[in-house]
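See below for the structure under consideration.
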Amino acid sequence: MLLKPELENIKKILSSILCEFTEDAEQSSKRDREELSKEIVERLKQAVDGYGLHGIGAKKEWGGTELSLLDRTILVEEASKHRFGLYHPAADVFGGGFPSFLTECTNKQQESFVKPAMKTGKGCFVAVWEEAEDNDLGKLTTSAIRDQDRWIINGQKTYIQNLDTSGFGVILVNCQLESGELKPTLFLLDSVEQLEKKDTTLIDVHSTHSIIFNDVRIYDNQRIGAIGDGTRFIKQWLAESQVLLAAKCLGVSVQAIEYGKAFAKKRITRGKPLAEFPTIRSMIGKALISLQSARLMVQDAAKKVDKKDEDWELIAQMAKLQATETASKIVDDVLQIHGGAGFAGDLPIERWYKEIRIARVNHLKSETIIENAASKVL
């Protein structure tokens, strides 16, 4: 865990660089812009490298920083305060994702897959979901049948993020034993070049990918852990991903509120600024209260996931739900404050409005989380 002064210094540096971008370049960026400028990205990289924060979630033995989930949550919130922050905080200069279950990899697997990706900062993608599973890991159908030292895999994985920018991948499949029993298991993928792929753009702002397996052969030495460990590993990854997505929603919410405040102060209607109208003041006031409430819930979830406290899985889900719903309401209100100007594309409000709609179904949709919470007490 970082010491508080270190964390505050890093936050200030990120804030300074991103604030400069927001004030200078962001307001002139149109909706067809897909990334931060090279100048801003380079400055962010220098700041991150100066604190040795490359690969903030990766193990030190791999060359990472190995920060706690709480520290990552705090940094990711700060790094998400820009146009592309919800899915690319600080332009991904912290390095790619390295799920904690990669610690279960053998030394040879770490040398062949994890460490090379760590050096390039690409991380890995995780292929779990399928089109018809409805957030239920028990309904996954992609299967693997043993053939001597290999597994023959058939099926399709969808909604994969960061496929093109990752150094390697991980896939969850049901290994079929001779008895016919299915055992969820993780395998490492060194390349997807030979696989059939499909790209999908969601609500014109976010790209996801699908990969199709037709009798694809994978060596057994690419298996992570024991046969049947897949669901347990994925649940840990899912909880971490939910907390980090929640942190990104907090960052976007903070920036959205700033846009709302600024516009409300300068927009004159009926002879006075919008900021003097009770309805607008109520929107901003409620947004600040909701934001702080969500932040406390997200940081508490990060601590509990780190420690594996009781109900840590459900608490991570609820934090993700609270943060996405809070961000959705805040961005919606800020868009309302701006009126037609919010759709012009000069500001990222329209983009966030669409992206948060997607975030609400990422890593378990809201309805599933609510049902899980109800099942805990009923």
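As a basis for the values below, the full set of heavy atoms in this structure was taken, side chains included, without hydrogen atoms, waters or symmetry mates. The first residue of the sequence shown is numbered 1, and numbering continues consecutively from there.
A distance of 11.0 Å separates CD1 in Ile203 from CD1 in Ile356, rounded to the nearest 0.5 Å. Summarising the geometry, atom CG belonging to Asp204 is positioned 8.5 Å from atom CZ belonging to Arg351; distances are rounded to the nearest 0.5 Å. Taking OG1 from Thr324 and CG from Leu245, the interatomic distance works out to 7.0 Å, rounded to the nearest 0.5 Å. If you take CZ on Phe277 and OG on Ser282, they are separated by 14.5 Å, rounding to the nearest 0.5 Å. Annotation: the span from Gln322 atom CD to Cys249 atom SG amounts to 11.5 Å, rounded to 0.5 Å. The CD atom of Gln110 lies 8.0 Å from the OG1 atom of Thr103; values are rounded to the nearest 0.5 Å.
Residues Leu86 and Ser80 are not in side-chain contact: their nearest non-hydrogen atoms beyond the backbone lie 4.5 Å or more apart. With a 4.5 Å cut-off on side-chain heavy atoms, Glu258 and Lys81 do not count as touching. Leu102 places a side-chain heavy atom less than 4.5 Å from the side chain of Pro99. Within the 4.5 Å cutoff, the side chain of Lys329 has no heavy atoms near those of the Lys286 side chain. A 4.5 Å side-chain heavy-atom check between Tyr159 and Glu131 finds at least one atom pair inside the cut-off. Two residues are said to be in side-chain contact when any heavy atoms from C-beta on lie closer than 4.5 Å; Thr208 and Trp129 fail this criterion. Between Gln236 and Phe101, every side-chain heavy-atom pair lies at or beyond the 4.5 Å cut-off. For the pair Tyr353 and Val334, the minimum side-chain heavy-atom distance is 4.5 Å or more.
Remark: side-chain polar atoms of His82 are paired, donor with acceptor, to backbone N or O of His88 under 3.5 angstrom. Looking at Asp220, its side chain never comes within 3.5 Å of a backbone N or O of Asp149 through a donor-acceptor pair. The backbone N or O of Ile369 sits nowhere less than 3.5 Å from a side-chain atom of Lys320 that would complete a donor-acceptor pair. In terms of modelled atom types and a separation under 3.5 Å, the side chain of Gln222 and the main chain of Leu188 share a donor-acceptor contact. Although no hydrogens or angles enter the test, the distance criterion places no donor-acceptor pair under 3.5 Å between the side chain of Glu104 and the main chain of Gly225. Side chain of Ser293 to backbone of Ile289: no donor-acceptor contact under 3.5 angstrom is found. Gln109 places a side-chain N or O within donor-acceptor distance of the main-chain N or O of Arg223, the cut-off being under 3.5 Å. Under a 3.5 Å cut-off, the side chain of Asp229 and the backbone N or O of Ala226 do form a donor-acceptor pair.
Using a 4.0 Å cut-off between charged nitrogen and carboxylate oxygen, Arg295 and Glu77 count as a salt-bridge pair. In summary, Asp309 and Lys303 do not engage in a salt bridge, as defined by a charged side-chain N under 4.0 Å from a carboxylate O. Look at Glu111 and Lys108 and you find no salt bridge, because none of the NZ, NE, NH1 or NH2 atoms lies under 4.0 Å from a carboxylate O. We find that Asp147 and Arg150 are not joined by a salt bridge, their nearest charged nitrogen and carboxylate oxygen being 4.0 Å or further apart. Under a 4.0 Å N-O distance rule, the pair Lys354/Glu350 qualifies as a salt bridge.
The local environment of CD in Gln292 is crowded, with over 12 non-hydrogen atoms from other residues, nucleotides or ligands closer than 6.0 Å. Heavy-atom contacts from other residues, nucleotides or ligands closer than 6.0 Å to NZ of Lys119 number 12 or fewer. Crowding of Arg232 atom CZ: a count of heavy atoms from other residues, nucleotides or ligands under 6.0 Å exceeding 12. Around NZ of Lys115, the count of heavy atoms belonging to other residues, nucleotides or ligands within 6.0 Å exceeds 12.
Nearest heavy atoms, Leu70 versus Asp306: N-OD2, 3.4 Å. Across every non-hydrogen atom of Ala117 and Gly167, the tightest pair is CB-CA, 4.3 Å. Shortest non-hydrogen contact noted between Ile284 and Gly260 is CD1-C, 4.2 Å. In terms of heavy atoms, Thr142 sits closest to Gly155 at OG1-CA, 3.7 Å. Taking each heavy atom of Ala373 and Met318 in turn, the nearest pair found is CB-SD, 4.3 Å. A pairwise comparison of heavy atoms in Met283 and Asp333 identifies SD-O, 4.0 Å as the closest pair.
Each of Asn362, Asp92, Asn162 was evaluated against Tyr87; a single residue qualifies, Asn362, per the side chain to side chain donor-acceptor pair (under 3.5 Å) test.
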Worksheet item: What's the verdict on side chain to side chain contact (heavy atoms under 4.5 Å, CB included) for Ile234 and Val126, showing C-alpha distance, side-chain angles and the deciding distance?
Response: CA-CA 9 Å; Ile234 286 298; Val126 181; 4.0 Å; yes

Worksheet entry | Candidate pair Gln299 and Ile74, rule side chain to side chain contact (heavy atoms under 4.5 Å, CB included), full reasoning | CA-CA 8 Å; Gln299 293 184 3; Ile74 294 171; 3.9 Å; yes

Practice prompt. Test side chain to side chain contact (heavy atoms under 4.5 Å, CB included) on Lys197 and His209 and set out the steps.
Written response: CA-CA 7 Å; Lys197 296 181 290 183; His209 309 273; over 6 Å; no

Discussion item. Run the side chain to side chain contact (heavy atoms under 4.5 Å, CB included) test on Leu69 and Leu244 for me, step by step, so that the C-alpha distance in whole Å, both residues' side-chain angles and the decisive distance to 0.1 Å come before the verdict.
Written reply: CA-CA 8 Å; Leu69 184 57; Leu244 291 173; 3.9 Å; yes

Worksheet item: After noting the C-alpha distance and the side-chain angles of Lys45 and Glu42, does the key distance pass the salt bridge (Lys or Arg N to Asp or Glu O under 4.0 Å) rule?
Response: CA-CA 5 Å; Lys45 283 183 178 179; Glu42 185 58 34; 5.1 Å; no

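The aromatic rings of Trp352 and Tyr259 are tilted relative to each other, their planes meeting at an angle between 30° and 60°. Using cut-offs of 30° and 60° for the angle between ring planes, the Trp237 and His363 rings count as perpendicular.
Both Ile349 and Ile358 belong to a common hydrophobic cluster when Ile, Leu, Val, Met, Phe, Trp and Tyr are linked at side-chain heavy-atom distances under 4.5 angstrom. Connection of Phe94 to Trp62 is not established within any shared hydrophobic cluster, with ILVMFWY side chains joined at heavy-atom distances below 4.5 Å, either directly or through further cluster members. No continuous path of hydrophobic side-chain contacts links Tyr219 to Leu186 [ILVMFWY only; heavy atoms under 4.5 Å]. Linking ILVMFWY side-chain heavy atoms closer than 4.5 Å, directly or via other members, places Val76 and Val305 in a single hydrophobic cluster. Residues Val205 and Val331 fall within the same hydrophobic cluster, defined by Ile, Leu, Val, Met, Phe, Trp and Tyr side chains chained together at heavy-atom separations under 4.5 Å.
Under the side chain to side chain contact (heavy atoms under 4.5 Å, CB included) criterion, Pro184 pairs with Leu172, Asn174, Thr231, sequence neighbours left out.
Applying the under-4.5 Å side-chain rule to Ile, Leu, Val, Met, Phe, Trp and Tyr, the cluster around Phe125 extends to Trp151, Ile153, Ile160, Leu163, Ile171, Val173, Leu177, Phe187, Leu189, Val192, Leu195, Ile211, Phe213, Val216, Ile218, Ile227.
Under a cutoff of 6.0 Å and an axis angle of 45°, Lys308 and Trp312 form a cation-pi pair.
For Gln317 and Glu313, the side-chain atoms include no donor-acceptor pair closer than 3.5 Å. With 3.5 Å as the limit, one finds no donor-acceptor pair spanning the side chains of Arg43 and Gln46.
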